[in-house]
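The structure appears below as structure tokens.
Letters A, B, ... mirror the listed sequences (proteins, then strands); counts begin at 1. Bear in mind that the values here come from a model prediction, so they are computed numbers and not experimental data. Only this structure's heavy atoms are used, side chains among them; waters, hydrogens and symmetry mates stay out.
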There are 2 protein chains.
Amino acid sequence: MFSKTCEYAIRAMIFIAQKSKDGSKVGIKEIAKGIDSPEHFIAKILQELGRKRLLQSVKGPNGGFYLDDESLQCSLADIVKVVDGDKLFTGCGLGLKQCSETHPCPIHHEFRSVRKGIQTMLENAKLGAFTEELEKSLTFLKR
Amino acid sequence: MFSKTCEYAIRAMIFIAQKSKDGSKVGIKEIAKGIDSPEHFIAKILQELGRKRLLQSVKGPNGGFYLDDESLQCSLADIVKVVDGDKLFTGCGLGLKQCSETHPCPIHHEFRSVRKGIQTMLENAKLGAFTEELEKSLTFLKR
DNA sequence: TAAATAAAAGATAAAAATGTCTTTTATTTG
DNA sequence: CAAATAAAAGACATTTTTATCTTTTATTTA
């Protein structure tokens, strides 16, 4: 469904969101451990998300990554678009570039509703909304 | 959503299904052209589908690939399972191996219904059912 | 201002997916 | 049976994705 890169991105952003709720910042080492990902690999991903303003960071002592109030309103769809592009939301299920509403592939119409469901779900999933269940250990991000 | 390999596989199987309706067989060259894919690459994929009995073939003059009545009843879900495995249907959206109903990731429950939608859609899409619209050029497989 | 800290950036490597080319095997037909 | 045909199989190449390691830049604190 998502690339591995995107899975890491989502997990990291949810992790940072949780840590950001009380205004604190979190270092890349802690993030990598917290979501069980390669440190430098997730660092690259976060740099990209930072450039796209989905995430904030500061260098130096007491620095780290965090999400401001606006970023906490980001949805998973926003992250997916930055990392994997929007082919999941708009691309043809069979990979046909010329596929469209008026020139559909054999599964175009069936796919439309499925895709819509994915998009709606991801757009409604705001980063700030995962904290409570994580705190209560009703959900998890590593193992 | 699917790997490129799987996209080719589905396109090829729908193509062969169409040709098989009148009992004729179709060669790998014609398939590759018909779905706009690399010839030897799709050949490999069809060999695998053949080994799994989703597809029939005969060698030699007048040989080629075809689908018997049973294979025409195959669903796209069957093909996806052979080519991409069942991670699309059962895997965690965030790539967490330990994720389950009782130990869910933050998006587990939201994902369940989306995944179910995909699975239902693919299981209901039988290879034999695409022919008519293709014949009428209401849908297409290349460009 | 010097030292320490932590992200940013760059370079390289490994693994997986995708694509191409050649040889082998099975089948049919004359 | 010999030749032609077409799939099966094997070897190899390229591209993309994923992962690792090193250097640079920015910031803070003593």
Side-chain angles (χ1 to χ4, degrees), chain A residues 1-13 15-16 19-20 24-67 80 82-85 87-88 94-95, chain B residues 1-13 15-16 19-20 24-67 80 82-85 87-88 94-95:
Chain A
M1 178 87 76
F2 307 128
S3 69
K4 212 134 190 279
T5 304
C6 192
E7 291 175 355
Y8 286 145
I10 295 173
R11 277 151 63 186
M13 290 292 273
F15 184 82
I16 299 166
K19 303 290 180 178
S20 294
S24 62
K25 295 187 282 287
V26 54
I28 193 67
K29 281 191 175 61
E30 189 179 344
I31 295 169
K33 275 180 195 157
I35 67 167
D36 193 28
S37 78
E39 181 181 325
H40 292 95
F41 191 62
I42 187 63
K44 281 279 154 68
I45 302 168
L46 295 182
Q47 285 165 31
E48 170 71 6
L49 290 170
R51 277 191 291 270
K52 293 284 172 60
R53 312 290 171 194
L54 266 61
L55 167 74
Q56 289 70 47
S57 68
V58 298
K59 289 180 176 183
N62 296 314
F65 296 88
Y66 66 98
L67 299 177
V80 171
V82 165
V83 178
D84 281 352
K87 63 181 184 305
L88 180 63
L94 299 185
Chain B
M1 179 86 75
F2 309 128
S3 68
K4 212 131 189 283
T5 303
C6 193
E7 291 175 355
Y8 286 144
I10 295 173
R11 278 153 61 188
M13 289 292 273
F15 183 81
I16 298 167
K19 303 291 180 178
S20 294
S24 64
K25 298 189 278 290
V26 54
I28 194 67
K29 280 191 175 63
E30 188 180 344
I31 295 169
K33 276 179 193 158
I35 67 169
D36 195 27
S37 79
E39 181 181 324
H40 291 96
F41 192 62
I42 187 63
K44 281 280 155 66
I45 303 167
L46 295 184
Q47 284 166 32
E48 171 71 6
L49 291 169
R51 276 190 291 270
K52 294 285 172 55
R53 312 289 170 193
L54 265 62
L55 167 72
Q56 289 69 45
S57 68
V58 298
K59 289 182 178 182
N62 295 314
F65 296 89
Y66 67 99
L67 300 177
V80 171
V82 165
V83 179
D84 281 350
K87 62 181 187 304
L88 179 63
L94 299 184

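For the side-chain contact (heavy atoms from CB on, under 4.5 Å) test, residues two or more places apart in sequence or in another chain that qualify with B:Thr5 are B:Ser3, B:Phe41, B:Ile45, B:Val83.
Taking atom NZ on B:Lys87 and atom P on C:dA16, their separation rounds to 13 Å, with Å as the unit. Atom P of nucleotide D:dA19 and atom CD of A:Glu48 are separated by 17 Å, given to the nearest angstrom. Remark: P of C:dC21 and CD of B:Glu39 are 10 Å apart, rounded to the nearest angstrom. In this structure, A:Phe41 places its CZ atom 10 Å from P of D:dT17, rounding to the nearest Å. Computed from coordinates, the B:Ile42 CD1 to C:dA17 P distance equals 17 Å when rounded to whole Å. Whole-Å rounding puts the B:Ile28 CD1 to C:dT22 P distance at 18 Å. One interatomic measurement links the two molecules: CD1 of B:Ile31 to P of D:dA6, which rounds to 12 Å at whole-angstrom precision. Distance B:Asp36 CG to C:dT18 P: 16 Å, rounded to the nearest Å.
Taking CE of B:Met13 as the start and CG of B:Leu46 as the end, the distance is 7.5 Å to the nearest 0.5 Å. One distance of note links CD1 of A:Ile42 with CD1 of A:Ile35; it measures 4.0 Å at 0.5 Å rounding. Rounded to the nearest 0.5 angstrom, B:Lys19 NZ and B:Ile31 CD1 are separated by 10.0 Å.
The two atoms that bring B:Lys25 and B:Val58 nearest to each other are CE-CG2, 3.4 Å, heavy atoms only. Across all non-hydrogen atoms, the minimal contact from B:Ser24 to B:Tyr66 is O-CB, 4.0 Å.
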Check your understanding: With the sugar-phosphate defined as primed atoms, P, OP1 and OP2, and the base as all remaining atoms, what B/S/- string results for nucleotides 8-15 of chain C, 5' to 3', for protein heavy atoms under 4.0 Å?
Key -> BBBB----

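Contact annotation: B:Thr5 side-chain N/O to C:dT18 OP1/OP2 distance is under 4.0 Å. Of the side-chain N and O atoms in A:Tyr8, one or more sit less than 4.0 angstrom from OP1 or OP2 of D:dA19. Residue B:Lys25 has no polar side-chain atom (N or O) positioned under 4.0 Å from OP1 or OP2 of D:dA6.
Among pairs with a residue in residues 42-56 of chain A, those fulfilling salt bridge (charged side-chain N to carboxylate O under 4.0 Å, His left out) read A:Glu48-A:Arg51, A:Glu48-A:Lys52, at least two apart in sequence or across chains.
Toward the 5′ end of DNA chain D lies the nearest nucleotide of B:Asn62, the other residue of the pair A:Cys6 and B:Asn62 mapping further downstream.
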